[in-house]
**Q** 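Let me begin by handing over the structure; questions about it come next.
So that the names make sense, note that chain A is the first sequence line, chain B the second, and so on, each numbered from 1.
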2 protein chains.
Amino acid sequence: MGSNFSVAEENYIKAVYHLQKPGAIVTTNELAAELQTKAASVTDMLKKLKQKKVLNYEPYRGFNLTTEGRKAALGIVRKHRLWEYFLVEKLQFGWDEVHEVAEELEHITSKKLIDKLDAFLDFPRFDPHGDPIPDVNGKMQVQHDISLNDLPVNTPAEVSSVKDQSSELLDLLKHKNISIGSRLQVTRKFGFDQSIELRIKDIAAPVNISLQLAQVLYVKPL
Amino acid sequence: MGSNFSVAEENYIKAVYHLQKPGAIVTTNELAAELQTKAASVTDMLKKLKQKKVLNYEPYRGFNLTTEGRKAALGIVRKHRLWEYFLVEKLQFGWDEVHEVAEELEHITSKKLIDKLDAFLDFPRFDPHGDPIPDVNGKMQVQHDISLNDLPVNTPAEVSSVKDQSSELLDLLKHKNISIGSRLQVTRKFGFDQSIELRIKDIAAPVNISLQLAQVLYVKPL
DNA sequence: AAATAAATTTAGACAAATCTAAAAAATAAT
DNA sequence: ATTATTTTTTAGATTTGTCTAAATTTATTT
């Protein structure tokens, strides 16, 4: 209950959560890069968060979240994604404009606010980029989606999420008529530049996409 | 343009705005009481805000907002009241629960957010307590309402705002069937305890209210 | 008008979060 | 297995906003 963290602490917790691969460990430099800060600052904060039992940390050995820490992280991710959903669905924000605003909104402390917002939005399970939104208990849909790059030829699939939130990506997707939910299949793969040809459902002409685009586009085979 | 204030600075600016009677001056102790802090802290912040040209301040002489400062204050008040409106109208918060949450939300910096929220809410001109909401240019409806205590007998009037946001007041108003917009007139005034008898439109039985209640209830004669 | 009281400001300290530069530990290379 | 390199931690300083205690200024009494 006493999960009372400062904005800075919350940002560290969230960053560790995002960097943490299952089983593995996060390092000081990784975290410093993620948070655009210096390694020395990270060390200071790690000591504080260890004391607060948010993460397991042995000097020089790396660190990862405790159960408590993971719970806190899921709370912050929940807030972030619900606010993003609100901004896009209710306030007509563009896809690429929401991240920074949600970055501020996620630190508003009222639990009642976020639960009522959840209800107001009708309990959405995915944010505008296709990332799952943790529910009130921290549970979220497991994503078994794969990079479009790894989708076998001629396998029908649906676009489920995008791992980049730039306006440049949004532009490109609009131009190519691709959005979350689009049904498609890979018709050809070109070895020379690893580009891919797609057929998108309900769209006549085949679409060609680059390796870079295929890497950030995630799909769920049907 | 560079109106870039910290949360603490914004709280000072807002507090001075609320304490500042037209023409008059605000004192260090008043502000310390309002912000639940110490006079020494206030003095420190005043020097900083004077440098930022937010307020006029001469040591020992009191202070008030500059045009720049008033503009900043109106921006914060706008955010606070729009968020309160959102919480009550869209998220079904109770009247008495919104202040603290809005106190946090008002510091979110995105101007685009607040203008889009304003549009989403359909440009409301009064918050749930009847206080006017500044528009995008800082303009707001002038309230020529008076305390119910000063309303002459037998003058039809409409409840326009309440100067107290406690749940105790909300309780009492519910019980007496009074809300913002209620039409009423004073039928009798009792000298002994300065209590007042009211007739509320569409409600058969007359209602008796105490001096304390009459003082926080504001009405607009029709 | 001097003395007392009240309000305000200054001086010095502290906690949070950050930084730079130097020291220590772990890893990689010869 | 030493040496060199990279990574991480420590030490000490800085900024923001706060505090207490002491000094100063203004206001109030007598």
Side-chain angles (χ1 to χ4, degrees), chain A residues 2-16 19-21 24-65 69 72-73 76 103-104 106-109, chain B residues 2-16 19-21 24-65 69 72-73 76 103-104 106-109:
Chain A
S3 57
N4 212 11
F5 300 111
S6 72
V7 170
E9 287 168 345
E10 288 195 347
N11 284 334
Y12 274 84
I13 293 168
K14 194 181 53 154
V16 176
L19 289 174
Q20 188 175 310
K21 302 268 177 288
I25 240 172
V26 184
T27 70
T28 304
N29 269 352
E30 278 174 339
L31 190 48
E34 174 85 4
L35 289 168
Q36 318 232 63
T37 183
K38 297 300 153 73
S41 311
V42 171
T43 301
D44 286 347
M45 187 59 98
L46 288 178
K47 288 193 277 191
K48 201 161 56 145
L49 292 178
K50 184 200 168 118
Q51 273 216 318
K52 291 201 174 191
K53 306 198 189 268
V54 170
L55 41 80
N56 305 114
Y57 164 58
E58 288 305 320
Y60 297 102
R61 289 270 121 90
F63 44 89
N64 54 23
L65 294 175
I76 303 163
E103 210 64 11
E104 282 190 68
E106 75 191 3
H107 301 295
I108 303 291
T109 52
Chain B
S3 57
N4 212 11
F5 300 111
S6 72
V7 170
E9 286 168 345
E10 289 195 346
N11 283 333
Y12 274 85
I13 293 167
K14 194 181 54 153
V16 176
L19 289 175
Q20 189 175 308
K21 302 267 177 290
I25 239 172
V26 184
T27 70
T28 303
N29 268 352
E30 278 174 338
L31 190 47
E34 174 85 4
L35 289 168
Q36 318 232 63
T37 182
K38 297 299 152 74
S41 312
V42 171
T43 302
D44 286 347
M45 187 59 98
L46 287 179
K47 288 193 276 189
K48 199 159 61 144
L49 291 178
K50 184 199 167 120
Q51 274 215 318
K52 291 203 176 188
K53 307 199 189 266
V54 171
L55 41 80
N56 306 114
Y57 164 59
E58 288 307 319
Y60 296 104
R61 288 271 119 90
F63 44 89
N64 54 24
L65 294 175
I76 302 162
E103 210 64 10
E104 283 189 67
E106 75 190 3
H107 301 296
I108 304 290
T109 53

**Q** Ignoring the backbone of B/Asp44, work out which of D/dC19, D/dT26, D/dT9 is nearest its side chain.
**A** D/dC19
**Q** For a quick test of reading the model, state the closest non-hydrogen atom pair linking A/Glu30 to A/Ile25 and the distance between them.
**A** OE1-O, 4.2 Å
**Q** Please round to the nearest 0.5 Å and tell me the distance separating atom NZ of A/Lys52 and atom CE of A/Met45.
**A** 8.5 Å
**Q** Ignoring backbone atoms, establish whether A/Tyr57 has a side-chain N or O less than 4.0 Å from OP1 or OP2 of D/dT9.
**A** yes
**Q** Assign A/Ser41 to base, sugar-phosphate, or nothing according to its heavy-atom contacts below 4.0 angstrom with the strands shown.
**A** base
**Q** Using atom CD1 of B/Ile25 as one end and atom C1' of C/dT8 as the other, report the distance to the nearest whole Å.
**A** 14 Å
**Q** Work out which heavy atom in A/Phe63 is nearest to a heavy atom in A/Leu46; give both atom names and the distance.
**A** CE2-CD1, 3.4 Å
**Q** Just the rounded figure in Å: distance from P of D/dA13 to NZ of A/Lys38.
**A** 19 Å
**Q** Report the distance from atom CG of B/Asn11 to atom P of D/dT16, rounded to the nearest whole Å.
**A** 17 Å
**Q** N/O contacts under 3.5 Å, protein versus nucleotides 2-5 of chain D?
**A**
none

**Q** Is the phosphate of C/dA16 approached by A/Ser6 (side-chain N or O, under 4.0 Å from OP1 or OP2)?
**A** no
**Q** Quick check: do B/Arg61 and B/Asn56 have side-chain heavy atoms less than 4.5 Å from each other?
**A** no
**Q** Check the distance between D/dT15's C1' and B/Lys52's NZ and give it to me in whole angstrom.
**A** 12 Å
**Q** Of the nucleotides D/dA21, C/dC19, C/dT8, which one has an atom closest to the side chain of B/Asn29?
**A** C/dT8
**Q** Pick the closest DNA chain C nucleotide for A/Met45 and for B/Leu46 by heavy atoms, then say which residue is nearer the 5' end.
**A** B/Leu46
**Q** To the side chain of A/Ala40, which of C/dA21, C/dT18, C/dT9 is closest?
**A** C/dA21
**Q** For the pair made of CD in A/Glu58 and P in C/dA26, what is the distance, rounded to whole Å?
**A** 12 Å
**Q** On the nucleotide D/dA23, are OP1 or OP2 found under 4.0 Å from the side-chain N or O atoms that B/Tyr60 carries?
**A** no
**Q** When you check the phosphate oxygens OP1 and OP2 of D/dC19, does a side-chain N or O of B/Thr37 lie under 4.0 Å from one of them?
**A** yes
**Q** Among residues at least two apart in sequence or on other chains, which ones pass side-chain hydrogen bond (donor to acceptor under 3.5 Å, both in side chains) with A/Asn64?
**A** none
**Q** In a check of side chain to side chain donor-acceptor pair (under 3.5 Å) between A/Lys14 and each of A/Glu34, A/His107, A/Glu103, which one passes?
**A** A/Glu103
**Q** In this structure, how many angstroms lie between the C1' atom of C/dC19 and the CG atom of A/Leu35, rounded?
**A** 15 Å
**Q** Which nucleotide in the set D/dT8, D/dA21, C/dT20 lies at the smallest distance from any side-chain heavy atom of A/Thr43?
**A** D/dT8
**Q** Picking from D/dT8, D/dT20, C/dT9, which would you name as closest to the side chain of B/Pro59?
**A** C/dT9
**Q** Please, what dot-bracket string fits DNA chain D when only Watson-Crick and G-U pairs with both distances under 3.5 Å count, crossing ones use [ ] and pairs to another strand use |?
**A** ||||||||||||||||||||||||||||||
**Q** Taking the side chain as every heavy atom from C-beta outward, state whether A/Phe5 and A/Val54 have any atom pair closer than 4.5 Å.
**A** yes
**Q** Between B/Gly62 and A/Tyr12, which is nearer to the 5' end of DNA chain C once each is assigned its nearest nucleotide?
**A** B/Gly62
**Q** Between C1' on C/dT8 and NZ on B/Lys50, what's the gap in Å once rounded to a whole number?
**A** 15 Å
**Q** Indicate whether OP1 or OP2 belonging to D/dT10 is found under 4.0 Å from a side-chain N or O atom of A/Lys47.
**A** yes
**Q** Ignoring backbone atoms, test whether B/Arg61 places a side-chain nitrogen or oxygen under 4.0 Å from the OP1 or OP2 oxygen of D/dT26.
**A** yes
**Q** So among B/Thr28, B/Asn29, B/Val26, which one has a side-chain contact (heavy atoms from CB on, under 4.5 Å) with B/Val42?
**A** B/Thr28
**Q** Looking at CD of B/Gln20 and CG of B/Leu31, how far apart are the two atoms once the value is rounded to the nearest 0.5 Å?
**A** 11.0 Å
**Q** A/Gln36 CD to C/dC19 P: how many Å, rounded?
**A** 11 Å
**Q** Would one find a side-chain N or O of B/Thr28 under 4.0 angstrom from OP1 or OP2 of C/dT9?
**A** yes
**Q** Can you confirm whether A/Glu9 sits close enough to A/Asn4 that some side-chain heavy atom of one is under 4.5 Å from a side-chain heavy atom of the other?
**A** no
**Q** Under a 4.5 Å cut-off applied to non-hydrogen side-chain atoms, are B/Leu49 and B/Tyr57 in contact?
**A** no
